[in-house]
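The structure is given below, and queries will be raised subsequently.
Worth saying up front: this structure is predicted, and the values here are computed from it rather than measured. Each chain gets a letter, A, B and so on, in the order its sequence line appears, and its residues count up from 1.
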2 protein chains.
Amino acid sequence: MSMKQATRPGGRSLRVQQAVHAAVRALIEEIGRDALTVPQIAQRAGVTPSTIYRRWGDLMTLVSDVAQRNLRTECPIEPTGHVASDLAAWADIYQEEMDSTPGREMMRDVLRGWDGTRAACGLLDAVRSTVEAILTTADPPVSLSADSVIDAIFAPILMRLVFADAPLPQGLGREAAFRVVATAQASA
Amino acid sequence: MSMKQATRPGGRSLRVQQAVHAAVRALIEEIGRDALTVPQIAQRAGVTPSTIYRRWGDLMTLVSDVAQRNLRTECPIEPTGHVASDLAAWADIYQEEMDSTPGREMMRDVLRGWDGTRAACGLLDAVRSTVEAILTTADPPVSLSADSVIDAIFAPILMRLVFADAPLPQGLGREAAFRVVATAQASA
DNA sequence: TCCTTAATGCAAATATATTGCTTTTGCGCG
DNA sequence: CGCGCAAAAGCAATATATTTGCATTAAGGA
């Protein structure tokens with residue numbers, strides 16, 4: 001869930017926002033999420049608690065907001081044109097990253113701020129653009145939509161991350177990647 | 001996330017737990033989740049706030065605990081032996097139920113209580129037992145594991161529910177059901 | 001029935017969240 | 001460039017929520 005953006009994106013408002021975000025990150029490092037309180041963040045950031053309450057509403061929303069900025073958005077691999085191994089390599093990286101302690105903590109923090117209606121975060125958009133980059137580089141081309149790739153590879157990872165007991169099976173994403181590409185090529 | 005079960009499952013402890021859960025449900029109806037407070041729940045349930053804090057820890061955990069009891073656990077359909085249409089019918093029902101306002105609210109409340117490590121709720125276990133019921137009734141038998149069915153049909157539904165903007169595409173689960181069964185039969 | 005102890009009640013102490021009002025300060029406009 | 005408006009932040013009083021120590025109640029076993 002993304003918070004209402006401040007109407008003033010520069011100057012003091014920006015400095016406050018950065019100081020608060022930095023304070024949240026620092027305090028999570030030092031004392032952990034569970035001990036985190038708004039007054040403490042305010043003190044560390046050099047602002048008054050009411051500023052935080054007025055801008056973010058509550059601790060949950062603030063922490064969720066910070067966690068979303070930790071989402072990877074850049075494409076992590078260089079497409080080689082070989083779709084199956086590109087997707088498999090990326091799926092492996094992605095699965096390991098998400099199934100790690102920091103990955104799971106980030107996911108937890110993001111989901112705490114989910115409002116139940118809109119997308120919880122921009123994760124799928126970032127994934128989709130990387131998938132599209134891999135698919136358009138494909139040589140020879142494959143007839144696969146980004147959505148079907150996401151459903152086949154990333155949906156099981158994300159679903160199990162949240163709804164199954166940890167850790168994820170080794171190679172879950174990798175094998176799904178080979179499978180979805182093989183199926184597409186077989187039906188071509 | 002399931003809470004630590006009271007060591008005394010009967011008598012007064014049980015009555016308190018039921019009264020508190022009932023109070024949460026009633027107050028959510030009357031004033032909505034966002035206005036909910038622990039002292040208010042305590043008053044309605046006829047207990048003191050400290051009882052709630054000691055048993056549940058905080059409001060988020062309590063609401064999550066209540067939401068988990070709304071999870072459907074009974075098998076919603078009668079398997080006919082025709083796997084594809086059984087799975088498709090169920091997927092349709094499931095998708096519509098989850099993508100509804102109460103379904104999304106339940107999911108949101110459950111996820112707020114997720115600790116990031118164990119399964120957020122027993123949802124997948126319930127799903128798996130229904131899938132297994134359908135698969136074992138299959139006539140003729142199909143070579144499909146419950147996990148692959150869940151990955152193909154339910155993972156996309158659950159992933160999109162949380163990480164994509166609402167609503168889900170019509171027939172998402174239904175089509176996935178036909179597809180996964182067709183693929184299994186083709187490779188047999 | 002009695003004993004043990006988990007669970008609750010109660011109330012004081014502490015911490016957190018809200019709010020009205022004031023002050024600061026971005027930012028548009030002449 | 002500096003004026004003025006309004007958004008954002010500060011401050012402090014208030015309201016509300018959470019924690020905690022100790023007393024009391026009542027499950028559940030012997």
Whole-Å distance separating the CD atom of A/Gln18 from the P atom of D/dA9: 12 Å

So which protein nitrogen or oxygen atoms get under 3.5 Å of nucleotides 10-13 of chain C's nitrogens or oxygens?
from	atom 1	to	atom 2	distance (Å)
C/dC10	N4	B/Ser50	OG	3.1
C/dC10	N4	B/Arg54	NH2	3.4

C/dG26 OP1/OP2 closer than 4.0 Å to side-chain N/O of A/Arg15: yes

Nucleotide D/dT19, atom C1' - distance to CG of B/Leu59 in whole Å: 16 Å

Distance test, side-chain N/O of B/Thr51 to OP1/OP2 of C/dG9, below 4.0 Å: yes

Rounded distance (Å) that lies between atom P of D/dT20 and atom CD1 of B/Ile52: 17 Å

Phosphate OP1/OP2 of D/dA9: any A/Arg55 side-chain N/O under 4.0 Å: yes

Rounded distance in Å - CG (A/Leu14) to P (D/dA7): 19 Å

Evaluation steps, side chain to side chain contact (heavy atoms under 4.5 Å, CB included), between A/Asp109 and A/Val66: CA-CA 9 Å; A/Asp109 291 343; A/Val66 172; over 6 Å; no

Candidate nucleotides C/dT25, C/dG9, C/dA7, ranked by approach to the side chain of A/Arg12 - the nearest: C/dT25

Residue of the set B/Asp86, B/Thr137, B/Asp139 for which side chain to side chain donor-acceptor pair (under 3.5 Å) holds with B/Thr80: B/Asp86

ILVMFWY cluster, A/Ile41 and A/Met60 together (side-chain gap under 4.5 Å): no

Check: B/Ser145/B/Asp147 side-chain N/O donor and acceptor closer than 3.5 Å: no

Integer-rounded Å distance: D/dA9 C1' and A/Ile41 CD1: 17 Å

Parallel, tilted or perpendicular, as decided by the 30° and 60° cut-offs, for the rings of A/Phe154 and A/Tyr94: perpendicular

Donor-acceptor side-chain pairing of B/Ser148 and B/Asp151 below 3.5 angstrom: no

